[in-house]
Chemist: 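First, the structure itself, so that you have it in front of you.
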Amino acid sequence: MSLLVVGLSHRSAPVSVLERAALNADAQIKLLQDTVAAEPATEAAVLATCNRIELYADVDKFHAGVAELSTLLAQHSGVGLEELTPYLYVHYEDRAVHHLFSVACGLDSMVVGEGQILGQIKDSLAKAQDLHTAGRLLNDLFQQALRVGKRAHSETGIDRAGQSLVTFGLQQLAVGGPVEGWAAGKKALVIGAGSMSSLAAATLARAGVAEVVVANRTFERAERLTRILTEADDNAVAARAVRMDAVPDELTRADVVVSCTGATGLVLTAQAVAHAVEGRTGQPVVAEPADSGRTTPKAAVAPLPLTSVGSDENCPLDLAAVQPGFSVMGEAAVAGMDAATLEQHAAWAAGGTIDRRERRTPEADAELITALAATAATVGRIPERRKPEPVAERPAPFFFLLDLAMPRDIDAAVHRLAGVRLVDIESLAEASADAPMAADVDQVRRIVSDEVAAFGAAQRAAHITPTVVALRTMAADVVAGEIARLDGRLPDLDERQRGEIRQAVHRVVDKLLHAPTVRVKQLAAEPGGAGYADALRTLFDLDPETVAAVSRAGDSTDKKDRPA
């Protein structure tokens, strides 16, 4: 077994890199085809979700395989190899199996324990099977990963450790309250009709929203989803389908928007959301000052006015010379100030921090001025002496947006709009980093470790099976040759006698081969047992082509037995 995985995920790369490296359906197909066409790889499968991109392959050379798979990921993602490399991780053989099993159990998910990854693994396997890029190794691996994931969810309480990304996102929108209470009576707009969007629509219906509107580029898929929602026995909800060009109008009616499409560009710009909010309130939209390193298009929002920091009365500075936008208390205002003016400013600034009812003594002021002057002489500047007045509290949000797409559907600048709350993959990653881990996680980890050991043993045992079969075939040929020779030398034997001799010879050969072949399978199943197949071929001078023919026959049988 030479299983290799090269990939990146929310654990290794920032959202901005994951967003740029996201692979659409066509890119995934081309990546699979190019991977099996490359020299080191014979099988390939791609696992691409909203927070991971991983390429699995059966390779004959480790270093060449890593180089080739990394290069192919860079080529098909559009992110340069030099830029992508620092975020890539590599797992090989048993570590690669351990990684996929952990992913299948939800241990490596952004929200620990979420079960949607099982469907995504199943889709990845189906795609590789359809393209004939999955052989015996990857078929066995992915099918076993699905079984391990199901076992983890059925035997443990891993589901209690986290929820689906949809549920977790809605909890973040509800900010501290139960989703059911927050969602009750709201109107929801779901953009997209894929698996994640369908789950979001069903979750909102269960939470008690008054209406779900589904918008999708393929109108028929939107209609199909709305029929499912309205015909549900337990959580039926009013639902209707609209075309994508109706989204701007629907935004003005919706209270909650969930977007998860495969679009490569923005589906909702900050300007579109700002217009929707204006349509709801009839008032111009106000944005908070930029923070968190995010930028906002100037056309989308108007900046808030700068807040004043205290009174400038009796300030010794030439206020006309102070750089706009800075407090006259701060270091920018006093840059280059001479010592005399510095002392005056220090006294004035210190006086501004004192409760007028508790005036400081001249002695205390003198000590403060001396300390400030000494600090300025040492560091070349005076520190901020007055705390800024608190910025006015942001109004409670009334418009909620959940972006589950990768790359993102909704402009990140939307988070600055007053009255709007945006939760996206980046904020979910930050929130989930501190999420408590359930005790069941340890049990799932033990399950993964046991299953990895069992899978490795089975693969190693399977590796030696063609050699054992070839050995028994050779022995059967030797027996057949000797029986034929005996027939020629003893032509007077009757059929009963010939049968007794034939059975005796077969029993002798079977007994001689039984213990060695059983033992060699046991040894081969242990770590480091791969060399026993080579030893068996060497000892019995087995034809390598005969062994390969048995392997090919086994692969052919496997393909017939594989589920669609």
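Everything numeric here is computed off the predicted structure, so don't read it as measured data.
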Chemist: Can you tell me which residue pairs pass the ring-ring contact (aromatic ring centres under 6.0 Å, His included) test with a partner in residues 245-271, sequence neighbours excluded?
Modeler: none
Chemist: Do the charged groups of Arg227 and Glu231 touch, with an N to O distance under 4.0 Å?
Modeler: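 Not counted as a salt bridge, because no side-chain N and carboxylate O are separated by less than 4.0 Å.
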Chemist: Identify, with sequence neighbours excluded, every residue that meets side chain to side chain donor-acceptor pair (under 3.5 Å) alongside Arg147.
Modeler: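 If we apply the side chain to side chain donor-acceptor pair (under 3.5 Å) test to Arg147, skipping adjacent residues, the hits are Gln144.
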Chemist: Between Glu43 (side chain) and Leu138 (backbone), is there a donor-acceptor pair under 3.5 Å?
Modeler: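 Judged by distance alone, yes, a pair lies under 3.5 Å.
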Chemist: So does Glu155 pair up with Arg446, basic N to acidic O under 4.0 Å?
Modeler: no
Chemist: So Val66 and Leu88, do their side chains get closer than 4.5 Å, heavy atoms only?
Modeler: no
Chemist: Who are the salt bridge (Lys or Arg N to Asp or Glu O under 4.0 Å) partners of Glu180, not counting sequence neighbours?
Modeler: none
Chemist: Could you name each residue pair satisfying side-chain hydrogen bond (donor to acceptor under 3.5 Å, both in side chains) that touches residues 3-14, not counting sequence neighbours?
Modeler: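 side-chain hydrogen bond (donor to acceptor under 3.5 Å, both in side chains) check on residues 3-14 returns Arg11-Asp108.
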Chemist: Looking at Arg253 and Glu211, is there a salt bridge between them, counting it only when a charged N and a carboxylate O are closer than 4.0 Å?
Modeler: no
Chemist: Do the side chains of Leu146 and Leu118 get nearer than 4.5 Å, heavy atoms only?
Modeler: yes
Chemist: Applying side-chain contact (heavy atoms from CB on, under 4.5 Å), name anything that partners Thr42, two or more places apart in sequence or on another chain.
Modeler: Asp58
Chemist: According to ring-ring contact (aromatic ring centres under 6.0 Å, His included), does anything in residues 129-148 pair up with another residue at least two apart or in another chain? List the pairs.
Modeler: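 Counting only pairs at least two positions apart or across chains, the ring-ring contact (aromatic ring centres under 6.0 Å, His included) contacts touching residues 129-148 are Tyr56-Phe142.
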Chemist: Given side chains that start at C-beta, do those of Ser124 and Val46 come closer than 4.5 Å, heavy atoms only?
Modeler: no
Chemist: If you look only at pairs with a residue in residues 11-31, which of them pass as a ring-ring contact (aromatic ring centres under 6.0 Å, His included), with sequence neighbours excluded?
Modeler: none
Chemist: Could you tell me if the side chain of Asn139 sits less than 4.5 Å from the side chain of Gln129, heavy atoms only?
Modeler: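 Answer yes - side chains close enough.
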Chemist: Do Thr261 and Ser259 have side chains that get closer than 4.5 Å, going by heavy atoms?
Modeler: yes
Chemist: Run the side-chain contact (heavy atoms from CB on, under 4.5 Å) test against Thr218 and tell me which residues pass, sequence neighbours left out.
Modeler: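 Thr218 satisfies side-chain contact (heavy atoms from CB on, under 4.5 Å) with Asn216, Glu220, Arg221 only.
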Chemist: Taking only residues two or more places apart in sequence, or in another chain, which ones meet Phe219 in a ring-ring contact (aromatic ring centres under 6.0 Å, His included)?
Modeler: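 With sequence neighbours excluded, Phe219 shows a ring-ring contact (aromatic ring centres under 6.0 Å, His included) to no residue whatsoever.
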Chemist: Please set out all donor-acceptor pairs under 3.5 angstrom arising from side-chain atoms of residues 80-87, sequence neighbours excluded.
Modeler:
unit_1 : atom_1 : unit_2 : atom_2 : d
Glu83  : OE1    : Arg20  : NH2    : 3.1
Glu83  : OE2    : Arg20  : NH1    : 2.5
Thr85  : OG1    : Leu81  : O      : 2.6

Chemist: Taking side-chain contact (heavy atoms from CB on, under 4.5 Å) as the test, write out the residues that go with Asp34, two or more places apart.
Modeler: Lys30, Leu72, His76
Chemist: Are any non-hydrogen side-chain atoms of Pro40 and Phe62 less than 4.5 angstrom apart?
Modeler: no
Chemist: On a heavy-atom basis, which atom in Ala241 and which in Thr226 lie closest, and how many Å separate them?
Modeler: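 Heavy atoms only, the tightest pair is N-CG2, 3.6 Å.
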Chemist: Are Asp442 and Arg445 close enough for a salt bridge, meaning some N to O gap below 4.0 Å?
Modeler: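 Looking at Asp442 and Arg445, the cut-off is met.
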Chemist: Flag the pair Thr167 / Thr203 as yes when at least one side-chain heavy-atom distance between them is below 4.5 Å, and no otherwise.
Modeler: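 In contact.
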Chemist: Using the test side-chain contact (heavy atoms from CB on, under 4.5 Å), find all partners of Glu19 that sit at least two apart in sequence or belong to another chain.
Modeler: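 Here the qualifying residues are Met406, Pro407, Arg408.
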Chemist: Would you indicate whether the side-chain heavy atoms of Trp182 and Val175 approach each other to under 4.5 Å?
Modeler: no
